[in-house]
Protein chains: 2
Amino acid sequence: MTPAPIPLHPAPEVALDAVFFALSDPVRRAILERLDEGALLVSELAAPFDISLQAVSRHIQVLVRAGLVHQARSGRISRCTLDAAPLHDAAVWMNRYAKYWQAGFDTLAKHLLRLDDERAQSKKDDR
Amino acid sequence: MTPAPIPLHPAPEVALDAVFFALSDPVRRAILERLDEGALLVSELAAPFDISLQAVSRHIQVLVRAGLVHQARSGRISRCTLDAAPLHDAAVWMNRYAKYWQAGFDTLAKHLLRLDDERAQSKKDDR
DNA sequence: TTGAGAGTCAACTAATTGGTTGATTATGTA
DNA sequence: TACATAATCAACCAATTAGTTGACTCTCAA
């Protein structure tokens, strides 16, 4: 009997957890911004930061766990590349709320919200 | 001499930290999804979850800290409403990477990446 | 072969997180 | 008034996080 296969991709929900968590740190966001301009070594990524190389290495591993960075080790060096695909899933999730900041919201939707608030207020007052 | 005024809005970087962190938990994302359909009380928000009301109350406070939820207390009850504005800032940050998943990436950009990988590979080989 | 460099692993610490239960505050209501 | 309800506060616990330093592996080069 073979052991249960390890799933190649985590459940989408868990993946979103990891992606958003990875984005919640300024060092990790800065790493992603630098990788957007091209592949870099761990030591090159670490140079601008005022923390140890080990700390940066672990930040990179958080990004790898989220699927946002790939590491290609070749000898001593480890070339880090961006993989923006998981960001797409996160953007899709956030798209649900795009209606709130798209053109027209300031006039129409905020007005509707204000009406809603006033309705709730009057509902409270007439008890 | 008056004390230094407390800034109304945190620095944008810190705000992104709080927003992405708030999104990194499935309970908090579910709360935002429910609030997208209308304002709800804390107890209404808590009902579907298998954790204590206190735990949900603290999740809501994480969302409030991120500016994603407003609470209007009126007597015993606390009406929670969605504020998607901070999500906009997060979406703007993520937009930098939209080029990777937009149409044409599969053919053009991945090809460029492959070229880049091959260049790096040959650079390594000829030492 | 010897040593320096790139990177990770391991152990430790302090702070934060996410959950719990119990007490407390404040407001409706019988 | 007395009691139930809505919600938060406070204390506690286990797990995780983000940083440190030190040891280790592996590779390149003198």
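These figures come from a predicted structure and were not determined experimentally. Just so it is clear: chains get the letters A, B, ... in the order the sequence lines come, proteins before strands, and each one is counted from 1.
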Can you sort out the partners of [X] under side-chain contact (heavy atoms from CB on, under 4.5 Å), two or more places apart, ordered by chain and number?
X       : result
B:Ala15 : B:Pro10
B:Val92 : B:His88
B:Ala85 : B:Asp83

Using the closest heavy atom to pick a nucleotide of DNA chain D for each, name whichever of A:Val62 or A:Gly75 lands nearer the 5' end. A:Val62

Check whether any side-chain nitrogen or oxygen of [X] sits under 4.0 Å from OP1 or OP2 of [N], and answer yes or no.
X       : N     : result
A:Gln61 : C:dC9 : yes
B:Ser57 : D:dC9 : no
B:Ser43 : D:dA7 : yes

Kindly say whether B:Phe21 contributes a backbone atom to a donor-acceptor pair with the side chain of B:Arg28 at under 3.5 angstrom? yes

Quick one: list whatever passes side chain to side chain donor-acceptor pair (under 3.5 Å) with [X], sequence neighbours left out.
X       : answer
B:Gln54 : none
B:Gln61 : none
B:Ser57 : none
B:Asp17 : A:Arg29

Would you mind reading off the distance between [X] atom [atom1] and [N] atom [atom2], rounded to a whole angstrom?
X       : N      : atom1 : atom2 : result
B:Arg79 : D:dT8  : CZ    : P     : 15 Å
A:Glu44 : C:dA6  : CD    : P     : 10 Å
A:Ile60 : C:dC9  : CD1   : P     : 12 Å
A:Arg73 : C:dA6  : CZ    : P     : 13 Å
A:His59 : C:dT8  : NE2   : C1'   : 16 Å
B:Asp17 : D:dA18 : CG    : P     : 10 Å
A:Asp25 : D:dT16 : CG    : P     : 18 Å

Is there a side-chain contact between B:Leu23 and A:Val19 (heavy atoms, below 4.5 Å)? no

Considering all heavy atoms, the nearest A:Ala90-A:Leu16 contact: CA-CD2, 3.7 Å

N/O donor-acceptor pairs under 3.5 Å from side chains in residues 33-47 of chain B, not counting sequence neighbours:
from: B:Glu33; atom 1: OE2; to: A:Trp93; atom 2: NE1; distance (Å): 2.8
from: B:Arg34; atom 1: NH1; to: B:Leu45; atom 2: O; distance (Å): 3.3
from: B:Arg34; atom 1: NH2; to: B:Glu44; atom 2: O; distance (Å): 3.2
from: B:Asp36; atom 1: OD1; to: A:Lys99; atom 2: NZ; distance (Å): 3.1
from: B:Asp36; atom 1: OD1; to: A:Tyr100; atom 2: OH; distance (Å): 2.4
from: B:Asp36; atom 1: OD2; to: A:Lys99; atom 2: NZ; distance (Å): 3.1
from: B:Glu44; atom 1: OE1; to: B:Leu41; atom 2: N; distance (Å): 2.8

Map A:Arg58 and A:Arg76 onto DNA chain C by nearest heavy atom, then report which one ends up closer to the 5' terminus. A:Arg76

In dot-bracket notation, what is the pairing pattern of DNA chain D, taking Watson-Crick (N1-N3 plus N6-O4 or O6-N4) and G-U wobble (N1-O2 and O6-N3) contacts under 3.5 Å, with [ ] crossing and | for other strands? ||||||||||||||||||||||||||||||

Look at all strands and tell whether A:Gln71 reaches a base, only sugar-phosphate, or nothing, counting heavy atoms closer than 4.0 Å. sugar-phosphate

Counting only non-hydrogen atoms, which of residues 46-55 of chain A are less than 4.0 Å from DNA chain C? A:Leu53, A:Gln54

Inter- and intrachain pairs under ring pair (Phe, Tyr, Trp, His ring centres under 6.0 Å), touching residues 22-79 of chain B, at least two apart: none

Could you run down the sub-3.5 Å N/O contacts of the protein with nucleotides 13-17 of chain C?
none

